[in-house]
There are 2 protein chains.
Amino acid sequence: MPRAGLSAEAVVDVALGLLDEQGPEALTLAAVAGRAGVATPSLYKHVRNLAELKVLISVRVMGELAARGEAALLGRSGDDGVRALLHAYRDYIREHPHRYAAMAQQPGPGLAEAAERLVGVFYAALRSRGLEGSDAVHATRCLRAAVHGFGVLETSGGFGLPEKSDESFALLAEMIINGLP
Amino acid sequence: MPRAGLSAEAVVDVALGLLDEQGPEALTLAAVAGRAGVATPSLYKHVRNLAELKVLISVRVMGELAARGEAALLGRSGDDGVRALLHAYRDYIREHPHRYAAMAQQPGPGLAEAAERLVGVFYAALRSRGLEGSDAVHATRCLRAAVHGFGVLETSGGFGLPEKSDESFALLAEMIINGLP
DNA sequence: CTATAAAGCTAACCGCATTAGCTAGGAGGG
DNA sequence: CCCTCCTAGCTAATGCGGTTAGCTTTATAG
């Protein structure tokens, strides 16, 4: 019988597939192993345990999100840049709700670098808007809070009424942009 | 040996204590039973299963939060009311971070009523500020998103830098209040 | 004083994470 | 071409948490 040829990266790939298709409940080592065509304990050759797998997933997702944000910022500056970043972030959440939900965690060890890059994107957008230092720190928090909160509420079904959530988000984005110091 | 004299309410009380002191990981039927001085399966006489216990916890927390908001709104109107509501909400999250984290869920059956009351508080604040109908719906979403996002980021350690988060929150609140239609 | 509904208990099962220790594929050196 | 060694993978086993079934006991109503 040929080997499966796994690796930590491959395990994360499989786990992300599972996450996207069946949600966070389904993210179990047994399920990942099954989908990878391997017995459960074999995963431990590539990943220390479930907790570490989750960290690796977070790192991957933070990277994707940061890349989206950086792309949105390309060639834009000022309010336009901030607006594009906010919308790019929210679009990602809508495309991969489970992936995003699996990310929101404390900045434990191993996550610091990826988290820094992600926050850096917000910081960069605000710098091009003319904010620096303490002002930028506070503003970054506001941007992150708004977009994170909106994404969570939207994808977890918190918006029951028929009003279009696109409109709600546009309002939120403009409120924040116009309110920046 | 005398009976423990449990009830669904009492089970929720015990569970909340556990949640507050040891976080969401520790919220296990075994732990609740132990703290209540009862064998694990005995809990099933009061609660259908763990999922239902979590729903009951959510209902309780939503109620507490709604009560806080209603109290903050008493005797205030317009921007003042909205500001007081936002701060009251955030204060609750800081006082009971685990409790709040355990609440954020989809509006499944049994939660609808409590969720409605909670959303109603936001709606009321906005009405006194002069918003109605569709405008109020969009604005409610913005308020909830901002305060939820900020609370989650703040309590999960997302704000690493030394800048005071009180200041950040005040900025967010004012940005939103000034940006209301 | 007794009958009954409810509260509690023990025993047992299942799924999942994790560990220990064995087996075998396959690459590198002789 | 064969031997050796590393390591991916396997099986077996443990422990914990949730859940179910079925028995026992308490307390209360009649």
Side-chain angles (χ1 to χ4, degrees), chain A residues 1-60 98 101-103 105-106 108-111, chain B residues 1-60 98 101-103 105-106 108-111:
Chain A
M1 34 187 116
R3 290 211 177 172
L6 282 185
S7 68
E9 287 300 294
V11 171
V12 172
D13 289 342
V14 171
L16 282 175
L18 212 47
L19 197 55
D20 285 339
E21 292 169 27
Q22 307 186 42
E25 328 275 62
L27 185 59
T28 163
L29 287 182
V32 171
R35 183 178 274 230
V38 126
T40 308
S42 304
L43 295 178
Y44 288 81
K45 294 288 153 139
H46 307 285
V47 155
R48 195 160 8 156
N49 50 33
L50 180 60
E52 189 189 61
L53 174 57
K54 287 181 175 169
V55 168
L56 292 178
I57 289 175
S58 285
V59 169
R60 181 79 73 86
H98 295 142
M103 185 201 85
Q105 296 181 28
Q106 294 92 324
L111 281 175
Chain B
M1 34 188 114
R3 288 210 178 173
L6 282 185
S7 67
E9 287 300 294
V11 171
V12 172
D13 289 342
V14 172
L16 283 175
L18 213 46
L19 197 56
D20 285 339
E21 292 169 27
Q22 307 187 41
E25 327 276 60
L27 185 60
T28 165
L29 287 182
V32 171
R35 183 178 274 229
V38 126
T40 308
S42 303
L43 295 178
Y44 288 81
K45 292 287 150 117
H46 307 285
V47 156
R48 195 160 9 153
N49 50 32
L50 180 60
E52 188 188 63
L53 174 56
K54 287 182 175 169
V55 168
L56 293 178
I57 289 175
S58 285
V59 170
R60 180 79 73 87
H98 295 142
M103 184 202 86
Q105 297 181 30
Q106 294 92 323
L111 281 175

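Every chain is numbered from 1 and lettered A, B, ... according to where its sequence line falls, protein lines coming before strand lines. Remember, it's a predicted structure, so these values are computed and weren't measured experimentally.
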May I have the distance from B:Lys45 (atom NZ) to D:dT24 (atom P), rounded to whole angstrom?
14 Å

Please evaluate residues B:Leu19 and B:Leu16 with respect to the criterion side-chain contact (heavy atoms from CB on, under 4.5 Å), reporting the C-alpha separation (whole Å), side-chain torsions for both, the decisive distance (0.1 Å), and the verdict.
CA-CA 5 Å; B:Leu19 197 56; B:Leu16 283 175; 4.2 Å; yes

Is the phosphate of C:dG8 approached by B:His46 (side-chain N or O, under 4.0 Å from OP1 or OP2)?
yes

Is it the case that atom CZ in A:Arg48 sees more than 12 heavy atoms from other parts of the structure closer than 6.0 Å?
no

Between the protein and nucleotides 17-20 of chain D, are there any N/O to N/O pairs under 3.5 Å, and if so, what are the atom names and distances?
unit_1: D:dG17; atom_1: O3'; unit_2: B:Thr28; atom_2: OG1; d: 3.1
unit_1: D:dG18; atom_1: OP1; unit_2: B:Thr28; atom_2: OG1; d: 3.3
unit_1: D:dG18; atom_1: OP1; unit_2: B:Leu29; atom_2: N; d: 3.2
unit_1: D:dG18; atom_1: OP2; unit_2: B:Thr28; atom_2: OG1; d: 2.7
unit_1: D:dG18; atom_1: OP2; unit_2: B:Leu29; atom_2: N; d: 2.9
unit_1: D:dG18; atom_1: OP2; unit_2: B:Ala30; atom_2: N; d: 3.2
unit_1: D:dT19; atom_1: OP2; unit_2: B:Tyr44; atom_2: OH; d: 3.0
unit_1: D:dT19; atom_1: OP2; unit_2: B:Leu50; atom_2: N; d: 2.9
unit_1: D:dT19; atom_1: O5'; unit_2: B:Tyr44; atom_2: OH; d: 3.2

Rounded to the nearest Å, what distance is computed from the CG atom of residue A:Leu43 to the C1' atom of nucleotide C:dT18?
12 Å

Any side-chain N or O of A:Ser42 under 4.0 Å from OP1/OP2 of D:dA8?
no

Residue A:Glu21 excluded, over 12 heavy atoms near CD under 6.0 Å:
yes

Any chance you could measure A:Glu52, atom CD, to A:His46, atom NE2, to the nearest 0.5 Å?
12.0 Å

Rounding to 0.5 Å, atoms CG (A:Asn49) and NZ (A:Lys54) come to a distance of 10.0 Å

Could you check whether any side-chain heavy atom of B:Leu43 comes within less than 4.5 Å of a side-chain heavy atom of B:Leu6, counting everything from C-beta outward?
yes

